[in-house]
*Asks:* 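Just dropping this structure here.
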Amino acid sequence: MCSPTGMPSTEDCVVTLAKPANDAAAAEPTTMTVQLIGGPTAVFEIGGVRVLSDPTFDPHGDHVTGTRHLVKTEGPAVPVDGLGRIDVVVLSHDQHADNLDDEGRKVLQRVPLVLSTAAAAERLAGVVRALPIWQSHIVAGIDGGRLRVTGIPAQHGPQGTEHITGDVRGFVLSGEGLPTVYISGDNASLDVVREVADHAGPIDVAVLFAGRAAAR
């Protein structure tokens, strides 16, 4: 994303995009900032809205999810108390510790809106709101802007393994005069990417979850 080495960085990635030629405000480019915190966790500031993806803030060390024993090799580039205001969390799924860990669960308790799968909403009752595929939720920015968050499909593993991997959601962020941003979630299917491009394109910025979590 923001770091060419793929390592977490405290520096923001600033993406400047020219608006379409038929846009009356084309002379003013649209700016979006992305701060990579580590793994699937990043803060997006777009249209006056601050969006946090898959909160993982535990220190490095061992993490157990069911029968899987994962080892986190790097802590977050930004601690929880350095996050600042978060308006909405987009949570691809809650069932794996490399997408939502113990400290991340605490973050969910103090943000106004968390969007994820129906399964996550059931497991994290009262904290998460289900965002079905191809449905949208509008988030108002502090400056009056409006950001549309759309739920999109994601396939965590090979076809037919959904009963093992569980439900996963990706997201598209968009709005009038704003870049369209694709956040893949944990997705292993190019067919899903094509479907997203067909239904939600054109995409200006693609944020792909490309980690390689491995169990001991």
*Asks:* Starting at CD1 of I86, measure out to CG of L113 and round the result to the nearest 0.5 Å.
*Replies:*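 It is 12.0 Å, given to the nearest 0.5 Å.
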*Asks:* Can you check whether P55 reaches E103 side chain to side chain, under 4.5 Å on heavy atoms?
*Replies:*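 Side chain of P55 against side chain of E103, heavy atoms only: no contact under 4.5 Å found.
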*Asks:* To the nearest 0.5 angstrom, please state how far the CD1 atom of I152 sits from the CD1 atom of I133.
*Replies:*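 The CD1 atom of I133 is 9.0 Å from CD1 of I152, to the nearest 0.5 Å.
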*Asks:* Is there any ring-ring contact (aromatic ring centres under 6.0 Å, His included) pair reaching into residues 168-194, and which pairs are they, with sequence neighbours excluded?
*Replies:*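 Passing the test, one end in residues 168-194: no pairs.
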*Asks:* Using a 4.5 Å cut-off on heavy atoms from C-beta on, say whether the side chain of R85 contacts that of I142.
*Replies:*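 Contact flag for I142/R85 side chains = yes.
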*Asks:* Considering non-hydrogen atoms only, spot the tightest contact between D191 and R194 and give its length.
*Replies:*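 In this case the closest contact between D191 and R194 is OD1-NH1, 2.8 Å.
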*Asks:* Whether the side chain of D87 engages the backbone of R50 through a donor-acceptor N/O pair (distance < 3.5 Å, no angle test) should be reported.
*Replies:*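 Present.
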*Asks:* Looking only at heavy atoms, which two atoms of G75 and K72 are closest? And how far apart?
*Replies:*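 Closest heavy-atom pair between G75 and K72: CA-CE, 4.4 Å.
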*Asks:* Only counting residues at least two apart or in another chain, list the ones meeting side-chain hydrogen bond (donor to acceptor under 3.5 Å, both in side chains) with T150.
*Replies:*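 In terms of side-chain hydrogen bond (donor to acceptor under 3.5 Å, both in side chains), with neighbours along the sequence ignored, T150 is linked to S136.
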*Asks:* For V88 and V49, run side-chain contact (heavy atoms from CB on, under 4.5 Å): C-alpha distance rounded to whole Å, both residues' side-chain angles, the deciding distance at 0.1 Å, then the answer.
*Replies:* CA-CA 8 Å; V88 57; V49 178; 4.2 Å; yes
*Asks:* Nearest 0.5 Å, please: how far is CG in D98 from OG1 in T41?
*Replies:*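 Interatomic distance, T41 OG1 to D98 CG, rounded to 0.5 Å: 9.5 Å.
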*Asks:* Could you measure the distance from the CZ atom of R148 to the CZ atom of R146? Nearest 0.5 Å is fine.
*Replies:*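 Separation between the atoms: 8.5 Å.
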*Asks:* When you measure from the side chain of T117 to the backbone N and O of R169, does any donor-acceptor pair fall under 3.5 Å?
*Replies:*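 Answer holds: no.
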*Asks:* Taking D101 for the side chain and D58 for the main chain, is one N or O donor matched with an acceptor at less than 3.5 Å?
*Replies:*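 Here the side-chain-to-backbone pair exists.
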*Asks:* Evaluate side-chain contact (heavy atoms from CB on, under 4.5 Å) for T33 paired with Q35, printing each intermediate quantity in order.
*Replies:* CA-CA 7 Å; T33 62; Q35 184 177 43; over 6 Å; no
*Asks:* What distance separates L115 CG from L91 CG, expressed to the nearest 0.5 Å?
*Replies:*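 These two atoms lie 9.5 Å from each other.
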*Asks:* So, taking the atom named CD1 in I37 and the one named OG1 in T56, what distance separates them when rounded to the nearest 0.5 Å?
*Replies:*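 One gets 8.0 Å once the value is rounded to the nearest 0.5 Å.
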*Asks:* With distance as the sole test, does Q95 use its side chain to make a donor-acceptor pair with the main-chain N or O of D167 at under 3.5 Å?
*Replies:*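 Yes.
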*Asks:* For A154, enumerate each residue passing the side-chain contact (heavy atoms from CB on, under 4.5 Å) test, keeping only those at least two apart in sequence or located in another chain.
*Replies:*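 So A154 forms a side-chain contact (heavy atoms from CB on, under 4.5 Å) with V168, N187.
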*Asks:* According to ring-ring contact (aromatic ring centres under 6.0 Å, His included), does anything in residues 114-144 pair up with another residue at least two apart or in another chain? List the pairs.
*Replies:*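 Listed by first then second residue: W134-H199.
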*Asks:* Given L36 and V43, is the side-chain contact (heavy atoms from CB on, under 4.5 Å) satisfied, shown in steps?
*Replies:* CA-CA 7 Å; L36 175 63; V43 176; over 6 Å; no
*Asks:* Is a side-chain N or O of T180 found less than 3.5 angstrom from the main chain of I203, in a donor-acceptor match?
*Replies:*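 No; zero donor-acceptor contacts below 3.5 Å.
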*Asks:* Less than 4.5 Å apart, side chain to side chain, heavy atoms only: is that true for M32 and V34?
*Replies:*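 M32 reaches V34 side chain to side chain.
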*Asks:* Show your reasoning for whether side-chain contact (heavy atoms from CB on, under 4.5 Å) applies to V107 and V80.
*Replies:* CA-CA 8 Å; V107 172; V80 170; 4.1 Å; yes
*Asks:* Would you say that L108 contacts L124 through its side chain, given a criterion of any heavy-atom pair below 4.5 Å between the two side chains?
*Replies:*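 Counting from C-beta outward, L108 and L124 do come under 4.5 Å.
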*Asks:* S53: what forms a side-chain hydrogen bond (donor to acceptor under 3.5 Å, both in side chains) with it, not counting sequence neighbours?
*Replies:*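 Scan of S53 (side-chain hydrogen bond (donor to acceptor under 3.5 Å, both in side chains), adjacent residues dropped) gives none.
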*Asks:* Evaluate the side-chain proximity of V90 to F44: yes if any heavy-atom separation is below 4.5 Å, no if none is.
*Replies:*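 The answer is no, as the side chains (C-beta and beyond) never meet within the 4.5 Å cut-off.
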*Asks:* Looking only at the side chains, is there a donor atom on one of D54 and S92 sitting less than 3.5 Å from an acceptor on the other?
*Replies:*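 Present: a donor and an acceptor within the cut-off.
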*Asks:* Quick one: which of L52, V128, L100 gives a side chain to side chain contact (heavy atoms under 4.5 Å, CB included) with V89?
*Replies:*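 When L52, V128, L100 are each tested with V89, the side chain to side chain contact (heavy atoms under 4.5 Å, CB included) holds only for L52.
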*Asks:* Quick one: do R123 and D94 satisfy salt bridge (charged side-chain N to carboxylate O under 4.0 Å, His left out)? Show the steps, please.
*Replies:* CA-CA 8 Å; R123 284 187 289 261; D94 70 308; 2.7 Å; yes
*Asks:* Decide yes or no for V181 and V172: does some side-chain heavy atom of the first lie under 4.5 Å from some side-chain heavy atom of the second?
*Replies:*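 Result no, sub-4.5 Å side-chain heavy-atom pair not found.
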*Asks:* Taking only residues two or more places apart in sequence, or in another chain, which ones meet D81 in a side-chain hydrogen bond (donor to acceptor under 3.5 Å, both in side chains)?
*Replies:*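 In terms of side-chain hydrogen bond (donor to acceptor under 3.5 Å, both in side chains), with neighbours along the sequence ignored, D81 is linked to no residue.
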*Asks:* Kindly give the heavy-atom pair with the smallest separation between P40 and N99, and that separation in Å.
*Replies:*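 The pair with the smallest heavy-atom distance is CG-ND2, 4.0 Å.
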